[in-house]
Amino acid sequence: MFTIYLKEDLIKDSLTCGNCTVSPINQTAESNNIGFQVQSFFSNLFNTNDWPARWNCGTWSDFHGWLYIISDLTIWAAYFAIPILLLVIIKKRKDIPFLNIFWLFIAFILLCGLTHFIDAIIFWWPAYRLSALLRFFTALVSVITVFSLFKLLPIIFKLRTQEELEFEIIERKKAEEETRILMMRQEATNNLMNRKDEFMSIASHELKTPITTLKSSLQLLQRMVSTNKELEPTKMLVDKAARQTKKLTGIINDLLDVTKIQAGKIILNNAEFDLSLLINECAEECEIENKECNVHVRANSDLVVYGDRSRIDQVLCNLITNAIKYSPNSNKVNVIAEKIDNGKVKVSVIDQGIGIPKNHLDDVFDRFFRVENSSQNFAGIGLGLYISSEIIKRHNGEIGVESELGKGSTFWFSI
Ligand code: ADP
């Protein structure tokens with residue numbers, strides 16, 4: 001028989017419940033004080049004198065009691081095994097994500113298991129204070145786990161599923177294979193380009209000597225024709241041959257320039273010079289070559305720049321020649337030179353020619369690029385603008401084009 005003491009306001013007289021007697025407790029002012037209660041709680045943590053063992057409290061059949069005890073002990077055993085398994089996982093998989101939440105789960109499950117364990121033990125050992133303390137810690141860890149898990153939710157929702165990861169791996173492998181094939185092709189193209197450059201270099205060098213001889217022979221012949229009346233009927237033919245040889249020389253020089261650019265061997269002889277003078281000379285030269293064309297120059301007289309005069313001359317001549325060449329229905333080209341903000345000089349060559357389609361504006365400065373549809377009717381090999389852009393880049397300048405198909409183009413550079 002056990003006696004349980006309860007507050008006087010709950011019961012007035014002693015009651016008998018199963019094997020225990022419930023009696024009113026005599027409350028003193030000291031026992032009402034919360035500080036006293038806490039101190040007494042901890043100092044009597046393992047003291048079980050205030051309660052009967054659970055077997056003795058109420059009426060338990062053996063079946064009911066053991067069902068309770070065995071179930072609690074089984075839950076405890078399982079709750080003890082789960083943290084061990086989690087620990088093994090953490091030890092084996094060092095890359096495991098959300099490690100903190102794993103530790104919280106371990107603590108939470110372990111504490112839950114212990115509350116079940118103590119519930120089973122209480123049938124013999126009524127350590128209700130210890131049980132309350134354990135439940136308090138379980139509650140604390142549960143709340144922290146809930147909070148931490150809640151905070152992790154957005155990250156967890158963003159995690160990819162196994163299917164998504166497998167799909168990603170397949171896609172990546174595909175991309176890697178494509179990159180590998182592309183790199184192989186790129187290497188093959190580079191090899192071909194190198195061999196082509198090598199061929200161009202050898203061919204242009206080999207052609208240069210006979211062309212020079214041919215040119216000087218033709219010049220000699222031109223002189224002879226102009227002084228000898230008998231040879232006058234051949235004048236037209238000789239002049240034509242001289243013009244074609246000049247063209248050929250231009251092409252060979254372009255090829256030689258390209259090989260120099262590719263090898264990084266283009267040399268600039270920089271000095272200060274008057275750009276407006278050069279523009280006027282160049283415009284005049286182009287007008288002589290293309291008699292029906294008018295090149296109108298608008299340039300201030302104080303446009304002194306620092307650079308390689310002959311290379312800038314080459315750029316100017318190329319832009320003006322192109323402007324004339326690609327303007328079959330117009331005989332006027334405007335050249336404007338002006339100082340711009342950063343102290344540089346900007347030269348624009350404006351024509352009212354065939355223009356360039358928008359999608360090819362960036363390509364025209366590429367090696368061997370020619371606008372397919374339009375340039376078929378005009379002679380050229382697509383190197384002039386490439387060489388010009390390289391020359392301007394070497395002068396730390398900029399080159400560009402604005403154009404409208406069918407209306408004309410403005411090629412400009414600034415140095
Ligand atoms: P080429 O004139 O020998 O073909 P370029 O490098 O000078 O080589 O020019 C590249 C291409 O840019 C030309 O084939 C032509 O299609 C286009 N292009 C250049 N200048 C003009 C222009 N003023 N008007 C229209 N198209 C042009």
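Just so you know, these numbers use all the heavy atoms, side chains as well, and skip hydrogens, waters and symmetry mates. All residue numbers refer to positions in the sequence shown, counting from 1. Counting starts at 1 for both ligands and their atoms, in listed order.
At under 3.5 Å, not a single nitrogen or oxygen of Gly380, backbone or side chain, sits near a nitrogen or oxygen of ligand 1. Not a single N or O atom of Ile354, backbone or side chain, sits closer than 3.5 Å to an N or O atom of ligand 1. At under 3.5 Å, not a single nitrogen or oxygen of Phe411, backbone or side chain, sits near a nitrogen or oxygen of ligand 1.
Of the options Tyr386, Phe369, Phe378, Tyr326, the smallest heavy-atom separation from atom 1 (P) of ligand 1 is shown by Tyr326. Proximity annotation for atom 3 (O) of ligand 1: of Ile387, Ile324, Ile381, Ile381 comes nearest, heavy atoms only. When Asn318, Asp351, Asp366, Leu385 are ranked by how near their heavy atoms come to atom 5 (P) of ligand 1, first place goes to Leu385.
For Lys332 and Asp351, the salt-bridge test fails: no basic side-chain N is under 4.0 Å from an acidic carboxylate O. Here Glu272 does not pair with Arg309 in a salt bridge; the nearest charged N to carboxylate O distance is not below 4.0 Å.
Counting protein heavy atoms only, atom 7 (O) of ligand 1 is closest to Asn322 ND2, 2.7 Å. Taking atom 16 (O) of ligand 1 as the reference point, the nearest protein heavy-atom neighbour is Val371 N, 3.0 Å.
Between Tyr79 and His116, the two ring planes are perpendicular [angle over 60°; tilted spans 30° to 60°]. Note on ring orientation: taking the six-membered ring where Trp is involved, the planes of Phe365 and Phe411 are perpendicular (angle over 60°, cut-offs 30° and 60°).
His360 has its ring centre less than 6.0 Å from the ring centre of Phe369.
Close approach of ligand 1 to Ser409 is summarised as follows: ligand atoms under 4.0 Å from at least one heavy atom of the residue are 24 (N), 25 (C). Those atoms of ligand 1 with a heavy atom of Gly382 less than 4.0 angstrom away are 1 (P), 3 (O), 4 (O), 6 (O), 8 (O). Here is the list of ligand 1 atoms found below 4.0 Å of a heavy atom in Gly355: 25 (C). Proximity to Leu383 (heavy-atom distance under 4.0 Å) selects the following atoms of ligand 1: 6 (O), 8 (O).
The salt bridge (Lys or Arg N to Asp or Glu O under 4.0 Å) with Asp257 is formed by just one residue from the set Arg394, Arg311, Arg367; it is Arg311.
With a 4.0 Å heavy-atom cut-off, ligand 1 is reached by the side chain of Ile356 but not by its N, CA, C or O.
The closest approach between any non-hydrogen atom of Lys325 and ligand 1 is below 4.0 Å.
Within the 3.5 Å criterion, the main-chain N or O of Ala379 finds a donor-acceptor partner in the side chain of Lys325.
Looking only at side-chain heavy atoms (C-beta outward), Leu385 and Leu319 come within less than 4.5 Å of each other.
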